[in-house]
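Everything on this sheet refers to the single structure shown next.
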Amino acid sequence: MYVRIVRGQAPPGQVEELARRWQAYWGTQMPQIPGFRHAHFAAGPETNTTVSISVWEQRPDAATMEPLMEQFREQVADISAGPPVFEEYETLADF
């Protein structure tokens, strides 16, 4: 399995709106991508830092993910405080 982590920053007061848009967009997109298991969106309200964590049976295909990520970035450009940081990990232990 693989874990994909996307870290971002929202302007003050925009974390909940970013979460709403994330749910609306990725809630329809990710379930259609082969290998998707589940995802979470979390935030540190005091710091306006956000993190999206998605779990995959197989590494998500970059050719599929990149255009979707670009579309989402465009949809949240007005409430993002900078470009997101992407990390991807292979799961080595699970319980």
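In what follows, every heavy atom counts, from backbone to side chain, and hydrogens, waters and symmetry copies are set aside. These numbers were taken from a predicted model, which means no experiment stands behind them.
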Exercise for review: Please check if the side chain of Y25 supplies one atom and the backbone of Q75 the other of a donor-acceptor pair under 3.5 Å.
Suggested key: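 No, the answer is negative, given that no donor and acceptor are paired below the 3.5 Å cut-off.
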
Check your understanding: Side chain of S54, backbone of A39: donor and acceptor closer than 3.5 Å?
Key ->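 Side chain of S54 to backbone of A39: no pair is present.
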
Point to revise | Heavy-atom closest pair, residues A81 and A10 | key: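 The pair with the smallest heavy-atom distance is CB-C, 4.0 Å.
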
Exercise for review: List the atom of W26, the atom of M69, and the distance in Å for their closest heavy-atom pair.
Suggested key: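 In this case the closest contact between W26 and M69 is CZ2-SD, 3.3 Å.
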
Cluster overlap [X] with [Y], hydrophobic side-chain contacts below 4.5 Å:
X	Y	answer
M30	Y2	yes
F86	W22	yes
V51	F72	no
I53	L18	no

Side chains of [X] and [Y], heavy atoms from C-beta outward: is any pair under 4.5 Å?
X	Y	result
S80	R73	no
N48	Q9	yes
M65	R4	yes

Exercise for review: Kindly determine whether E87 and R7 satisfy side-chain contact (heavy atoms from CB on, under 4.5 Å), including the steps that lead there.
Suggested key: CA-CA 8 Å; E87 300 172 290; R7 299 176 195 278; 2.9 Å; yes

Review point. Would Y89 and I5 count as a side-chain contact (heavy atoms from CB on, under 4.5 Å) if you check the C-alpha gap in whole Å, the side-chain angles of each, and the deciding distance to 0.1 Å?
Key: CA-CA 8 Å; Y89 300 95; I5 299 172; 3.8 Å; yes

Exercise for review: State plainly whether the residues E17 and R21 are in salt-bridge range, i.e. N to O under 4.0 Å.
Suggested key: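 So E17 pairs with R21 through a salt bridge.
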
Review point. With the threshold set at 4.0 Å, does a side-chain nitrogen-carboxylate oxygen contact exist between E88 and R59?
Key: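 Answer for the salt bridge query: yes.
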
Practice item. Can you spot which of T50, V76, V6 makes a side chain to side chain contact (heavy atoms under 4.5 Å, CB included) with P84? Key: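 Answer to the side chain to side chain contact (heavy atoms under 4.5 Å, CB included) test with P84 among T50, V76, V6: V6.
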
Practice item. Run the numbers on Q23 and F41 for side-chain contact (heavy atoms from CB on, under 4.5 Å), then give the verdict. Key: CA-CA 8 Å; Q23 174 72 40; F41 184 90; over 6 Å; no

Check your understanding: Is there a side-chain contact (heavy atoms from CB on, under 4.5 Å) between I33 and W56 once you walk through the steps?
Key -> CA-CA 10 Å; I33 302 170; W56 304 81; 3.5 Å; yes

Check your understanding: Are there more than 12 heavy atoms of other residues, nucleotides or ligands under 6.0 Å from atom CD of E16?
Key ->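 Not more than 12 within 6.0 Å, no.
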
